[in-house]
Every structure is written in C-alpha cells, then in structure tokens.
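Here is the structure we will look at, set down as structure tokens.
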Amino acid sequence: MKSGFIQNGYFLLLTFVTGMFYFCFYLLALSFSLSLSFTVVGIPLVTLVLRTTTTFIQFERTQTKIYTDITTDPYDRKVITDASVWAQAKLELTDRRNWSAVFWLMKKFGIGLVSLVSAALLYVAPLAFLLAPLLYRYIDMNVIFMQVDTFGKSLFIMAVGAVLAAINFKLSDRLAKAIGGYTLSMIRQLNR
C-alpha cells in the first residue's frame, strides 16, 4: 500500500513534467516550423513535428499502464512510406488525427499543473504536519489560524497530519486513476 502511494506520487509529478514538455515542445516546434512554411524547410519540419505524436502517445500508454495499471488500446496510425516526400507531407498536414493528438497532448499541461498542486497538497502537507513536533521550535508554523508554539499544539498537528496521510492514500490513488482515464479517453478519441 505504501509503495502504491509513492508510485502515485511519481505518476503525479511525471504527469506535470510530461505535460509541460508537450506544451512547450509543440508550442515552440509548431510556431517555428509554421513560421518557416514559406520556405522549402518549413513543411518538412511541420510533418516531422506531427510525426512525434505517435511516439508521445505510445509513451503515455506505457506510463499509464506502469503507474495506474490501466490498459489502453494501441494507437494505430497508417504511415505510407512509398509516396513522395510532398505527398507524405500533404497526408500528415491534412490528417485530422495529427492535429487532434497535438491538442490532446498540449491539454495535458493543465492536467499536469493540477497534479503538481495535488502532489504538494497530498504529500508535502501531511509530511510537514507529521514533522511538526520537530519543526515548531525552528519554523514559525501557522495552521488554520493557530500558532503552533507549544509541544501540545505540535502533537495535535501531528495527529492531524496522520489523519491527512491516511485520507491521502485513497485520494492519490483516485487522482492517478483519473489521469490514467484521461489517457484512455485520449486514445479512444484518436482511434475513431
């Protein structure tokens, strides 16, 4: 049970990191390649950026399976290799699934921010409460309008931290399953 709690914490933090990466990568790469689209280099760059969606979605599938044990359908995309470069570029640029995948992956940035805040509330706050008897002498602690300045108050805050930690075991699991459900719905929507 403890390892699942820690694994959910890793998943929440990894969700933030990957969401931030997808958002920054697609924002910068698409802006740069679309701004160069009037040159010969721009269109192949856009197609290369759009081809990364398959790799990133497969990574999301693997990450979701490892951390939440939610199995998703494979993301299947048809790639034509015997066509010319410009014909492949036209197919990549006009494929609605590519742009939809970019949208779904960039939307993960918002989910990542929520998971970062949740990880702080679910993991850091109970830990600070549990360590209150050790920290109250060195740090000015105020918890819900109560100044923690005596050992008795710090023991009370420690008990509140233990209750919060017990509640957060379940909350972190539900949050991780909800984020895994996002990946599941993303792949279902893209496979239509």
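These numbers come from the heavy atoms of this one structure, side chains and all, not from hydrogens, waters or symmetry mates. Being a predicted model, the structure only gives us computed values, none of them experimental.
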>> Is there a side chain to side chain contact (heavy atoms under 4.5 Å, CB included) between Leu34 and Val46? Walk through the geometry before answering.
In response: CA-CA 7 Å; Leu34 288 174; Val46 174; 3.8 Å; yes
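- Connection of Leu134 to Ile139 is established within a shared hydrophobic cluster, with ILVMFWY side chains joined at heavy-atom distances below 4.5 Å, either directly or through further cluster members.
- Counting only distance, with no hydrogens or angles, the side chain of Asn98 and the backbone of Glu92 share a donor-acceptor pair below 3.5 Å.
- Between Ile179 and Thr68, every side-chain heavy-atom pair lies at or beyond the 4.5 Å cut-off.
- Within the model, atoms OG of Ser118 and CZ of Arg174 stand 14.0 Å from one another, a figure rounded to the nearest 0.5 Å.
- For Met20, the CE atom is loosely surrounded, since the number of other residues' heavy atoms within 6.0 Å does not exceed 12.
- Looking at Ile43 and Leu93, their side chains come closer than 4.5 Å, going by heavy atoms from C-beta outward.
- Summarising the local packing, CG of Asn142 is surrounded by more than 12 heavy atoms from other residues, nucleotides or ligands at distances under 6.0 Å.
- Leu135 and Leu127 fall within the same hydrophobic cluster, defined by Ile, Leu, Val, Met, Phe, Trp and Tyr side-chain heavy atoms under 4.5 Å apart, directly or through other members.
- Ser37 contributes no side-chain N or O that, together with a main-chain N or O of Ser33, makes up a donor-acceptor pair within less than 3.5 Å.
- Annotation: ring pair (Phe, Tyr, Trp, His ring centres under 6.0 Å) contacts involving residues 107-141, sequence neighbours excluded, comprise Phe5-Tyr123, Phe23-Phe109.
- Tracing side-chain contacts under 4.5 Å through hydrophobic residues (I, L, V, M, F, W, Y), one never reaches Ile167 starting from Phe156; they form parts of separate clusters.
- At a threshold of 4.5 Å between non-hydrogen side-chain atoms, the residues Thr52 and Phe25 count as touching.
- Within the 3.5 Å criterion, the main-chain N or O of Leu91 finds no donor-acceptor partner in the side chain of Asp95.
- In terms of modelled atom types and a separation under 3.5 Å, the side chain of Gln58 and the main chain of Tyr75 share a donor-acceptor contact.
- For the atom pair Asp140 CG and Gln147 CD, the distance stands at 6.0 Å (nearest 0.5 Å).
- One finds the OG1 atom of Thr94 at 7.0 Å from the NZ atom of Lys90 (value rounded to the nearest 0.5 Å).
- Residues Ile187 and Thr183 are in side-chain contact: their nearest non-hydrogen atoms beyond the backbone lie under 4.5 Å apart.
- Without hydrogens or angle criteria, Lys108 side chain to Tyr22 main chain gives no donor-acceptor distance under 3.5 Å.
- Without hydrogens or angle criteria, Gln7 side chain to Ile66 main chain gives a donor-acceptor distance under 3.5 Å.
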>> Determine whether Leu175 and Asn8 satisfy the following criterion, side chain to side chain contact (heavy atoms under 4.5 Å, CB included), listing intermediate values before the conclusion.
In response: CA-CA 8 Å; Leu175 185 60; Asn8 289 336; over 6 Å; no
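- A pairwise comparison of heavy atoms in Pro126 and Asn168 identifies CG-ND2, 3.1 Å as the closest pair.
- Asn191 and Pro74 get closest at one heavy-atom pair: ND2-O, 3.0 Å.
- In terms of heavy atoms, Phe151 sits closest to Pro133 at CE1-CB, 4.0 Å.
- Taking OG1 from Thr15 and CD from Glu60, the interatomic distance works out to 7.0 Å, rounded to the nearest 0.5 Å.
- With sequence neighbours excluded, no residue satisfies side chain to side chain contact (heavy atoms under 4.5 Å, CB included) with Thr55.
- Here the side chain of Trp99 pairs no donor or acceptor atom with the backbone of Leu50 at under 3.5 angstrom.
- Ala101 approaches Leu190 most closely through the heavy-atom pair N-CD2, 3.6 Å.
- Residue Val17 is grouped with residue Tyr26 when hydrophobic side chains (ILVMFWY) are merged at heavy-atom distances under 4.5 angstrom, including chains of intermediate members.
- The two atoms that bring Ile70 and Gly181 nearest to each other are CD1-N, 4.0 Å, heavy atoms only.
- A donor-acceptor pair under 3.5 Å is formed between the side chain of Ser115 and the backbone N or O of Leu12.
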>> Using side chain to side chain contact (heavy atoms under 4.5 Å, CB included), reason through Gln63 and Phe11 one step at a time and then give a plain yes or no.
In response: CA-CA 8 Å; Gln63 170 184 316; Phe11 183 64; 3.5 Å; yes
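- With hydrogens and angles disregarded, a donor-acceptor distance shorter than 3.5 Å links the side chain of Arg61 to the backbone of Asp73.
- To the nearest 0.5 Å, atoms CE (Met186) and NZ (Lys107) are separated by 10.0 Å.
- Checking side-chain atoms of Tyr182 against main-chain N and O of Trp104 turns up a donor-acceptor pair under 3.5 Å.
- In this structure, Phe21 is not a member of the same hydrophobic cluster as Leu28, with clusters built from ILVMFWY side-chain heavy atoms closer than 4.5 Å.
- Inspection of the Thr71 and Lys65 side chains reveals an N or O donor paired with an N or O acceptor under 3.5 Å.
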